[in-house]
**Student:** 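My questions will all concern the structure given below.
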Amino acid sequence: MVSTDRLLAFAALSFLLIIVPGPSVLFVIGRALAHGRRAALTTVVGNTLGAYLLVVAVALGVGSLVERSVLVFTALKLAGAAYLVYLGVRAWRQRGSLRAVFAGEEVPPHSGLRTLWEGFAVGVANPKTIVFFAAVLPQFVDREQGHVTSQMLLLGLVFNLIAVASDSVWGLAASTARDWFARSPRRLSAVGGVGGLTMIGLGVTVAVTGRKD
């Protein structure tokens with residue numbers, strides 16, 4: 001299995017990557033501002049499931065195809081970017097529903113399953129995570145020890161545990177800020193719009209950054 005020094009080195013590198021806000025963190029913040037603490041934490045869970053699917057793909061050899069193929073990488077990146085823009089536009093259009101909640105009007109609930117799926121979709125299409133798992137994770141595997149797939153799955157689990165803790169902190173902090181906005185329906189409507197614009201901007205950023213080779 002993975003030696004302790006390799007595991008600690010990978011955990012340290014993962015932590016440095018994770019604490020820098022990327023698409024997943026910004027998406028969690030957007031969900032927290034638009035829908036609150038529960039939606040943010042559900043998004044974190046979905047995001048983690050999506051990211052771990054990438055780990056499984058790399059462990060099974062699929063990740064090397066994504067890393068080597070510009071076409072596959074670009075297609076996956078653009079799909080994720082388009083989905084972020086779609087969610088942002090929807091959040092912007094529905095920002096008035098946040099005011100309606102505090103005005104006592106009936107508003108269709110934001111399904112927990114749908115929130116989980118949205119987080120999963122963003123997690124599995126995150127270019128930052130794809131590149132890290134495809135290009136960096138394999139370097140920490142000790143092939144002489146054997147069980148390469150198991151080593152990758154363990155390293156990926158370490159990454160995702162750190163990500164869950166970090167993303168949850170971001171989501172809880174953002175939802176706390178939302179509670180302050182909730183004291184005024186007008187403020188809450190505004191922050192719902194900001195969350196939507198954040199996701200739109202994030203989608204555009206994901207689309208225009210990354211590999212160009």
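Keep in mind that the numbers below use all heavy atoms, side chains included, and drop hydrogens, waters and symmetry copies.
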**Student:** For the residue pair A32 and A174, what are the closest heavy atoms and their distance?
**Tutor:** CB-CB, 3.6 Å

**Student:** Roughly how far, to the nearest 0.5 Å, is the OG atom of S150 from the CG atom of L155?
**Tutor:** 11.0 Å

**Student:** Would you kindly confirm whether L8 and L137 end up in one hydrophobic cluster when ILVMFWY residues are joined by side chain heavy atoms under 4.5 Å apart?
**Tutor:** no

**Student:** Under 4.5 Å between side-chain heavy atoms, counting indirect links through other Ile/Leu/Val/Met/Phe/Trp/Tyr residues: same cluster for L154 and F15 or not?
**Tutor:** yes

**Student:** What is the minimum heavy-atom distance between G123 and L54, and which atoms define it?
**Tutor:** O-CD1, 3.6 Å

**Student:** Please check this pair: side chain of T176 against backbone of L172, looking for a donor-acceptor N/O pair closer than 3.5 Å.
**Tutor:** yes

**Student:** Kindly determine whether F120 and L53 satisfy side-chain contact (heavy atoms from CB on, under 4.5 Å), including the steps that lead there.
**Tutor:** CA-CA 9 Å; F120 176 86; L53 180 60; 3.6 Å; yes

**Student:** Got a second to check how far N160's CG is from L49's CG, nearest 0.5 Å?
**Tutor:** 8.5 Å

**Student:** Of the non-hydrogen atoms in A59 and L153, which two are nearest, and what is the gap between them?
**Tutor:** CB-CD2, 4.1 Å

**Student:** State yes or no: do V124 and V55 share one hydrophobic cluster built from I, L, V, M, F, W and Y residues joined by side-chain heavy-atom distances below 4.5 Å, directly or via other members?
**Tutor:** yes

**Student:** Quick check for you: to the nearest 0.5 Å, what is the distance between D167 atom CG and T48 atom OG1?
**Tutor:** 6.5 Å

**Student:** With hydrophobic residues grouped by side-chain heavy-atom distances under 4.5 Å, do L157 and V164 end up in a single group?
**Tutor:** no

**Student:** Report the distance from atom CD of E118 to atom CG of N47, rounding to the nearest 0.5 Å.
**Tutor:** 11.5 Å

**Student:** Distance check, rounded to the nearest 0.5 Å: T43 atom OG1 versus W117 atom CH2?
**Tutor:** 13.5 Å

**Student:** At their closest point, which heavy atom of I18 faces which heavy atom of A163, and how far apart are they?
**Tutor:** CD1-N, 3.6 Å

**Student:** Once you measure the plane-to-plane angle for F10 and F159, does it fall in the parallel (<30°), tilted (30-60°) or perpendicular (>60°) bin?
**Tutor:** tilted

**Student:** What residue among H147, M152, R6 forms side-chain contact (heavy atoms from CB on, under 4.5 Å) with V141?
**Tutor:** M152

**Student:** First locate atom OG1 of T42, then atom CZ of R114, and finally report the distance between them rounded to the nearest 0.5 Å.
**Tutor:** 12.5 Å

**Student:** So S168 and L41, do their side chains get closer than 4.5 Å, heavy atoms only?
**Tutor:** yes

**Student:** Among residues at least two apart in sequence or on other chains, which ones pass ring pair (Phe, Tyr, Trp, His ring centres under 6.0 Å) with Y52?
**Tutor:** none

**Student:** Ignoring hydrogens, what is the shortest heavy-atom contact between V28 and G171? Give both atom names and the distance.
**Tutor:** CG1-CA, 3.7 Å

**Student:** Cluster question for you: counting only ILVMFWY and a side-chain heavy-atom cut-off of under 4.5 Å, with indirect links fine, are V169 and V122 together?
**Tutor:** no

**Student:** Specify the closest pair of heavy atoms between F133 and A51, including all atoms of both residues, with the distance to one decimal.
**Tutor:** CE1-O, 3.3 Å

